[in-house]
Amino acid sequence: MKKFLWKLMPFTMFPVTMIIVNYTVDPANLYRKNYELGIANYLSKGYNVTDVINYNERKLQKDFIETMKVAPSEIALGSSRIMELHKAEITDPGFINNGVSGATFEDELAIYQIYEEKGCAIKKVILELDPWMLNDNHQQTRWKTLEKEYHEFTNKLNNKQAFANQKQPLISSDYTSYLELVSFSYFKTSFEYLTRRIDGRYKPTRQVLNVGFTRLTDGSISYDSKYRNASFTEVNNKVEDLISNDPVYSLGEFNVLSTHYKNTFTEFIEYLQKKDIKIEFFLSPFHPVVYNYFKTKKAYRNVFAAENYFRNIAKQYNIKIYGSYNPAVFDLDYTYFHDGLHCNTKALNKILNTATPN
Amino acid sequence: MIFNSLSFLVFFVCFFFLYWFAFNRSLKLQNLLILFGSYTFYACANWRFLLLLLAVSIINFILGICIERSAKYKKILLWLGMIQALGGLMFFKYFNFFIESFNSLFLALHVNISLQLVNIFIPVGISFFTFRTIGYLQDIYKKKISATKDPVVFFNYVAFFPCLLAGPIDKAKTFIPQLEKKRIFKYDLAADGMRQILWGVFKKMVIADNCSVVASEIFGNYQNLPGSSLLVGAFLYSVQIYADFSGYSDIAIGISKLLGFNITRNFDYPYFSQNIAEFWRKWHISLTSWLTEYVFTPLNISFRDYGRWGVGLAIVINFTIVGIWHGANWTYVLFGFVHGCFFIPLVIKNTINKKQKIAKDRLFPSFLEIANILITCTFVMLTFIIFRSENILNAFKYYKGLFSRSLLSSPIILHKRIAILSLLFVLIMFFIEWLRREKEYGLQIDDIKHPIFRKLIYCILIICIIFFSASDANQFIYFKF
């Protein structure tokens, strides 16, 4: 046995090297605790921040809200599919976009909770609603960064019982980031950063459109120039790439509209309306090819059911609704899209100027 | 907790040290630890079915003893065991399939019976542990083995964690004696196990997972792609399923070796086979040998009056069962049936059992051998299209696209880099396996005497795994069977 273990010893250099490189290079800033706080400080001081890469969007939202000097009156909650909605498109100067990639209802509740904790009196909430938000099997776990805030908020809801049985993770999300130390894909990125000498440092700027990805003072984003100016073929490749994945983004095993999420959603609406907060819904369209793909696949039938459900809820609670998952409703062709999931600001403007009937 | 995950690594390292350092003094304790480890492992996969596994183990343990002791009710008890095992399998795996098929059949006859589907979760590994228990009872009935009186030994036989979720399906007569004998740590066996694990991980993470990216892309969008892309998709899928399952088997066998067990070999370089019979002697060996013993042989005896036709019929039935064993879908049935039919020329020529060693004492195969391999592999690759498709109609649409004029056009592939990388590693894998075809697995290089050269090979493989493994780790394909 001793001989066996001794012979294995030299091979421990692989995990040890991986851990050291991953920790020191840290391309996603997992172990640099102040990365997001630095961005938030700039945003709160009125600077846009460019060359922002690999950061925890939820943590940034928390830091951003906590460092805000003036509380917003209108906020947008949702996924990356609304993150390009700028203050300019909204008439309210007190608008802040709090969208986060792959948002679920947990994110929306948790971010709203951060505002409540800070004592902000929000007057209007735009809820961007994605079909996967009603999928029990969406596989999104990123919201767990704001798990504490989420549970604090659900404690305030009427039907606390519905949330009592939710699974509590065995390991806190603070610790799960340490699992990346032994992740191959994290090591590959670290190695790339090391060999290409990428430092991952962000810069404050007054410009809105930059070469790099930029976070704007109103919380929204502008994509890097390559993404913004993608050619038809590049967009088309991204679309093909998206639908070639089985399942398509967070829509796997979407067998039913989740009762749990439906309850969460209506409870949230009732809570906001009780506080006299105006609510608006926003349904971000899918790329025409993606939408048509959903139509041909039985597995995605609940994408349409989700839209119907949101429309019914809007009617029931007398809420204005913008947009549709169907791009044809607004005559949006491929020029209105960055990829299969994300429409551009041109599309957002078009949608906001056309209120769709419930 | 899949084998190539961090959680399994932590679990197994802890288990390994407890097994050899804390529990090594007593065989009973070691067996108890294996049982505890196996149930923990199974609970991590799906804790809800742990009770089912336990119940199946208890029932079959008692039935085994009763079959052995009873002279009068032996056959009834065996049938009880079969009904319980196959009934469970039918219910969990095939119930909805039968309901859907009945509904479709009656609908075709313009009778709307609309039987309701039941929301059933399939217990992971059910096909594997069910076959183990069936084999055990059959062997006792036929007096090939005697029933074990130690419940821990039997429960371990059913639930031994390296082989619990996707085999190999070891027979009781080879595995139970190993559980009853004190295990001593053997350096050579453990080192061999480590090598086999490394080879399995390489095949799974570098080859299967990368092939899967391109194959999924093509199978997911086959209607819009030229025949040449579909050919690439079919080729990569047939490599993916081999690398995935044989990689899994290598890891399972390697882990067992680290614990002092010798497990049935599951693959013997099937893609170097010269005909379909040889292919099935080398592919999923534990399943085919199980079915040969418990299905084909009894069928063959029953049909012996019909001569070669009887043999052919027994083979077709046997392989249709092989197909349906994989899951509740007509695609699997058709896959098995077609494979069974492909045996018929061999039955007619009476060459079914003819064993031909490929390139014996030569480095390269002859032209005839190459032609035979190509024919066999092409057939297998084409039938894997049925296996991979959602339904038979889709499979035929895939064939239509494949055998169109666009077959000669240049392929359109989104993940070109991954496709090239996959093809490169596939070539490397087959080259290594060709050179080591006399060995149990590709990396069995204990005959290379220079330790530095051996270590260099291990390091290259580890570096390949780190840098070229696919970003998204996939579940092992055979877990769903």
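Residue numbers begin at 1 in each chain, while the letters A, B, ... track the order of the sequences. Keep in mind that what you see is a predicted model, and the values were worked out from it rather than measured.
- For F4(A), the parts sitting under 4.5 Å from any heavy atom of chain B are the backbone and the side chain alike.
- Contact annotation for L258(B): only side-chain heavy atoms (C-beta onward) come within less than 4.5 Å of a heavy atom of chain A.
- Proximity to chain A (any heavy atom under 4.5 Å) is shown, for I466(B), by both the backbone and the side chain.
- Side chains of D26(A) and Y186(A): a donor on one and an acceptor on the other come within 3.5 Å.
- Of the residues considered (E240(A), M1(A), K297(A)), M1(A) shows the highest number of contacts with chain B, using heavy-atom pairs under 4.5 Å.
- From S406(B), atom OG reaches atom CG of L230(B) across 7.0 Å, with rounding to the nearest 0.5 Å.
- Applying the salt bridge (charged side-chain N to carboxylate O under 4.0 Å, His left out) rule to E192(A) yields the partners R196(A); only residues at least two apart in sequence or on another chain are considered.
- Judged as a salt bridge (charged side-chain N to carboxylate O under 4.0 Å, His left out), and not counting sequence neighbours, the contacts of E307(A) are R311(A).
- Partner of Y291(A) under the ring pair (Phe, Tyr, Trp, His ring centres under 6.0 Å) criterion, out of F286(A), Y325(A), F304(A): F304(A) alone.
- Of the possible polar contacts, one joining the D107(A) side chain to the T104(A) backbone as a donor-acceptor pair under 3.5 Å is found.
- Of the atoms belonging to I218(B), not a single heavy atom falls under 4.5 Å from chain A.
- Ring geometry for F185(B) against W20(B) counts as perpendicular: the plane angle is over 60°, on a 0 to 90° scale with 30° as the lower cut.
- Relative ring orientation between F41(B) and F8(B) is described as perpendicular, the plane-to-plane angle rising above 60° on a 0-90° scale split at 30° and 60°.
- Side-chain contact annotation: Y261(A) with E106(A), donor-acceptor N/O pair under 3.5 Å present.
- Annotation: residues 186-199 of chain B contacts chain A through Y187(B), A190(B), A191(B), M194(B) [non-hydrogen atoms, separation under 4.5 Å].
- Proximity to chain A involves both the backbone and the side chain of F467(B), based on heavy atoms less than 4.5 angstrom apart.
- At a heavy-atom separation below 4.5 angstrom, chain B is approached by N237(A) within residues 224-237 of chain A.
- Under a cutoff of 6.0 Å and an axis angle of 45°, K204(B) and F3(B) do not form a cation-pi pair.
- Side-chain atoms of R183(B) and Y19(B) form a donor-acceptor pair, as typed in the model, at a separation below 3.5 Å.
- The aromatic ring centres of F16(B) and F21(B) sit 6.0 Å or more apart.
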